[in-house]
Each structure stands twice: as C-alpha cells, then as structure tokens.
Participant: 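To start, I am sharing the structure in question, which I have written as structure tokens.
All ligand and atom numbering here is 1-based and tracks the order in the structure. These values consider heavy atoms only, across backbone and side chains, with no hydrogens, waters or symmetry-generated copies.
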Amino acid sequence: MVLRNYLQNETIPHNLSTIVQEIAVCCIEIGEKVERAALDNYQGLVTSSSINSSGDEQKKLDVISNDIMMKALIGTGYCSTLLSEEDDHAVIVQEPNSETCMVAFDPLDGSSNIDCNCCIGTIFSIYEDTDPTQILDNRIRRSGNEVVCAGYVLYGPATELVLTFTGKGVRKFTLDRKLGCFVDTGILDIRDKKKKIYSINEGNSPLWLDDMKQYIEQYRDPKQKYTQRWIGSMVADVHRTLLYGGMFCYPVDEKNIHGKLRILYECFPMAKILEEAGGKAILGHMSTQRILDIVPTEIHQRVPVLLGSSMEVDKYEEILAKM
Ligand code: AFP
C-alpha cells in the first residue's frame, strides 16, 4: 500500500493528508540531494562562520533542505505557522482558519554526519492551528499532547518515513524509487522489541549529573549484557531503538545545562512516536515527567530526553525513587 492509500484508508482529514504528502515529496527531493552531496558540491558549511538559530553550524544542505520544506509547506495552502530549526523566528504564512495547521520541523537533523555519508533525517510535528485570535506566543505554548501528527524520514541505506497520527499507532513506509513514492512496510510496536542496547553520548559521561551516572552504570555491568550504540543523529538512533528496542537518551550535563535537543521539532515528535509505538518518553533529569506534558515557552527551547521501551525507561524511574 502506498502512502496516499494509507492516508485515505485511515480517513486522515484532507488538510493533514495534504501536508504529510507534501512533506513526503520534499523528503524524496532532500534524499536525492543528500545522495548527490559529494557530486554536486553540497557538502560543507554555507560560510566558514555559519551558525543557525539553535547555535549549530549551518551546512549547505541544511539551508537547501529548509528552502525545499518551506516552499512546499507554504504551497499547500493549509499552513498558518511554520517553525524551523534553521530560522530564528516563526514564519507566519497566513491567518489561522478552520483548516490550517502549524508545522514544526528540523529539515536536516544530524547534519554533522553529512560529510561522512552517515545517516541523517528530517523530523516534523503538526498541530491544528485554527484560532485567528491566538497570538504567536500562545500558538507555541501548547503541550506536546496537542500534536496531531508526527513523523521523521531517515536517509540511510534506504529512505524511510515513520509516521503517526493520534491513536493510530506507528507505521513505517519505505521509499520505492522505481515507483517514486513511499510504500507501507509495516507497523512499529516497541513492546515486542527486546534487544539490549543503550544509546547515549558516553563522551559526556564525566559531565553527567548523579542520577544519570547511576542509571547508566547498570548498563555498563558486563553481567547485564548490554551494548552501547551512538550514531549522533537523533533520527537514526531513535529509529534503531524503535526497531530493535532499548533506550535513547540526551541528558542534562555540565556543558548542556538544559539538554541539547530541541523540544518542538526533535523531542515532541519523537516522544509522540515512541508513545504511539507503546514506549515511553520522559525528561529524565531528576524527573519522570512525560515529554509530551511540557509546555514550551520558546521556539528553540532545549530539554533533556530519555525515551525507549517501558522496561528501560522504568529503570531510570527506579533509580530516581531510591535517590
Ligand atoms: P547536528 O545536527 O549538529 O549533527 O546535531 C545532531 C543532534 O542534534 C541530534 O540529532 C543528535 O542526537 C545529537 O545532536 C548528537 O549530539 P552529540 O554531538 O553530543 O553526539
């Protein structure tokens, strides 16, 4: 079944379905650019001192991907507000009406992996945004529980789209380049995934706080038989977690005092996907608060995140209960 038919079968409203199909088309184009980066001189930074709104170095492909997404989303006619990792401020497309949505996205996450040809991805979340009286600040100040659709596209050996709508579970689609569209390749449910993998940047371990040090210590115990994996692309590390099981964590540490990952276009979409797939996503910084219960106050706000199978996230909750 191709993406379009899936959206029809699930009776996804026309506005949402149009936005998702446009994102899918954008990601086919971004994937082609990623594949041709070395051939077409898309590798490297925009300029030697390019820094984006989140304080990250801005790569040529970050800018190209953002332009592709912005143009296409504006073209749907159903977007009122667009929030991108690459732009300092929200892009106001039109006044909200009964059919409009707000889309938050990271057009190319993990972009420090571009030049070494490792996995990278696009992440997005969609909210209904229908109230014309709502000022911009309040459009952002909504908890992740209001996300109606979330997804990501992984540019790996295959290009894969992972998608969820509230209450409909998580579905994986794989790009068939011969057909030129995404084809359904199965339901993702983390509850039956049991691989013993923990995913965290161990290089930061001297900077972790006590709760994280105690939590991770149990995974290092050889008797527990865990293995550590860290690609350094959230999309790739979370994708593996969803497919194999385990946990993914980017905690607060002495360098990243609010965590590193951005709530609106990294943590909310991934938390929504994990919960819909039967897993958990919490703050994991002296707190077991659900990521989706947080109400952001800024577009580029960072938060710590711990997500994965319930079994692994519960281990953090047990450590915290003993502290
Ligand atoms: P880049 O987009 O700068 O490569 O950052 C990727 C990222 O935001 C996220 O995708 C990774 O999980 C995380 O940062 C990796 O962080 P480390 O640099 O600490 O490995």
Side-chain angles (χ1 to χ4, degrees), residues 27 30 33-34 37 42-66 69 83-87 104-125 150-156 160 162 197-209 212 216 228-242 246-271 273-274 281 283-285 291 299-308:
C27 291
I30 294 170
K33 304 271 186 223
V34 168
Y42 294 145
Q43 291 185 324
L45 299 174
V46 179
T47 65
S48 56
S49 59
S50 303
I51 301 286
N52 71 10
S53 45
S54 301
D56 296 331
E57 282 183 331
Q58 204 169 30
K59 307 283 186 324
K60 287 180 196 167
L61 269 180
D62 285 324
V63 176
I64 292 169
S65 307
N66 194 42
M69 295 277 287
L83 312 170
S84 165
E85 194 211 10
E86 299 305 325
D87 293 314
F105 59 96
D106 185 347
L108 205 57
D109 187 62
S111 52
S112 54
N113 275 326
I114 296 171
D115 294 355
C116 63
N117 190 24
C118 285
C119 293
I120 47 185
T122 298
I123 318 175
F124 60 93
S125 56
Y152 63 77
V153 171
L154 172 69
Y155 309 108
E160 295 202 307
V162 169
I197 301 172
Y198 74 103
S199 188
I200 190 166
N201 183 346
E202 278 271 5
N204 291 335
S205 59
L207 308 176
W208 294 338
L209 308 185
M212 201 41 61
I216 298 303
Q228 192 266 358
R229 292 280 184 271
W230 187 252
I231 295 166
S233 268
M234 188 188 199
V235 173
D237 284 314
V238 171
H239 192 66
R240 183 199 53 249
T241 306
L242 262 175
M247 67 74 137
F248 166 90
C249 184
Y250 210 110
V252 160
D253 60 42
E254 288 170 25
K255 184 176 65 180
N256 301 289
I257 56 167
H258 301 294
K260 180 181 181 196
L261 304 178
R262 280 52 61 109
I263 189 163
L264 278 162
Y265 41 79
E266 291 182 314
C267 298
F268 272 171
M270 294 309 194
I273 291 166
L274 256 291
L283 265 180
H285 170 51
I291 290 289
I299 298 178
H300 301 292
Q301 188 172 328
R302 297 172 194 267
V303 285
V305 60
L306 164 60
L307 55 80

Participant: Looking only at heavy atoms, is any part of Leu108 under 4.0 Å from ligand 1, and if so is it the side chain, the backbone, or both, or is it neither?
Facilitator: neither

Participant: Which residue and non-hydrogen atom of the protein lie closest to atom 19 (O) of ligand 1, and at what distance in Å?
Facilitator: Tyr250 OH, 2.6 Å

Participant: Backbone or side chain, does any N or O of Gly110 fall under 3.5 Å from an N or O of ligand 1?
Facilitator: yes

Participant: Could you check atom 5 (O) of ligand 1 against the protein and tell me its nearest heavy-atom contact, residue, atom and distance included?
Facilitator: Lys260 NZ, 3.6 Å

Participant: Where is the nearest protein heavy atom to atom 20 (O) of ligand 1: which residue, which atom, and how far?
Facilitator: Trp230 NE1, 2.9 Å

Participant: Do the side chain of Ser84 and the main chain of Glu86 share a donor and acceptor less than 3.5 angstrom apart?
Facilitator: yes

Participant: Side chain, backbone, both or neither: which applies to Arg302 and ligand 1 if a contact is any heavy-atom pair less than 4.0 Å apart?
Facilitator: neither

Participant: With heavy atoms of Asp109 as the reference, note each atom of ligand 1 found under 4.0 Å away.
Facilitator: 8 (O), 9 (C), 10 (O)

Participant: I'd like to know whether ligand 1 has Asn201 as a neighbour, heavy-atom separation below 4.0 Å.
Facilitator: yes

Participant: Could you check Ile200, Leu306, Asn204, Val305 and say which one makes a side chain to side chain contact (heavy atoms under 4.5 Å, CB included) with Pro251?
Facilitator: Ile200

Participant: Between Ser111 (side chain only) and Gln58 (backbone N and O only), is there a donor and an acceptor less than 3.5 Å apart?
Facilitator: no

Participant: Side chain of Ser199, backbone of Arg229: donor and acceptor closer than 3.5 Å?
Facilitator: yes

Participant: Given the side-chain rings of Trp230 and Tyr198, with only the six-membered ring counted for Trp, is the space between their centroids under 6.0 Å?
Facilitator: no

Participant: Considering the heavy atoms of Glu266, write down every atom of ligand 1 situated less than 4.0 Å from one of them.
Facilitator: 8 (O)

Participant: Among all protein heavy atoms in this structure, tell me which lies nearest to atom 11 (C) of ligand 1, with the distance rounded to 0.1 Å.
Facilitator: Gly232 O, 3.4 Å

Participant: Give the numbers and elements of all ligand 1 atoms closer than 4.0 Å to a heavy atom of Arg262.
Facilitator: 8 (O)

Participant: Considering only heavy atoms, does Ser233 approach ligand 1 within less than 4.0 Å through its side chain, its backbone, both, or neither?
Facilitator: backbone

Participant: For atom 9 (C) of ligand 1, find the nearest protein heavy atom and state the residue, atom name and distance (0.1 Å precision).
Facilitator: Met234 N, 3.6 Å

Participant: Kindly assign one of parallel, tilted or perpendicular to the pair Tyr152 and His239, based on the angle between their ring planes and the thresholds 30° and 60°.
Facilitator: perpendicular

Participant: Can you tell me how far CG of Leu108 sits from NZ of Lys60, rounded to the nearest 0.5 angstrom?
Facilitator: 14.0 Å

Participant: Using only atom types and a distance under 3.5 Å, with no angle test, would you say the side chain of Ser65 pairs donor to acceptor with the backbone of Ile30?
Facilitator: no

Participant: For Asp237 and Ile231, indicate whether the former's side chain and the latter's backbone hold a donor-acceptor pair under 3.5 Å.
Facilitator: yes

Participant: Look at atom 4 (O) of ligand 1 and say which protein heavy atom is nearest, naming residue and atom and giving the distance to 0.1 Å.
Facilitator: Ser112 OG, 2.6 Å

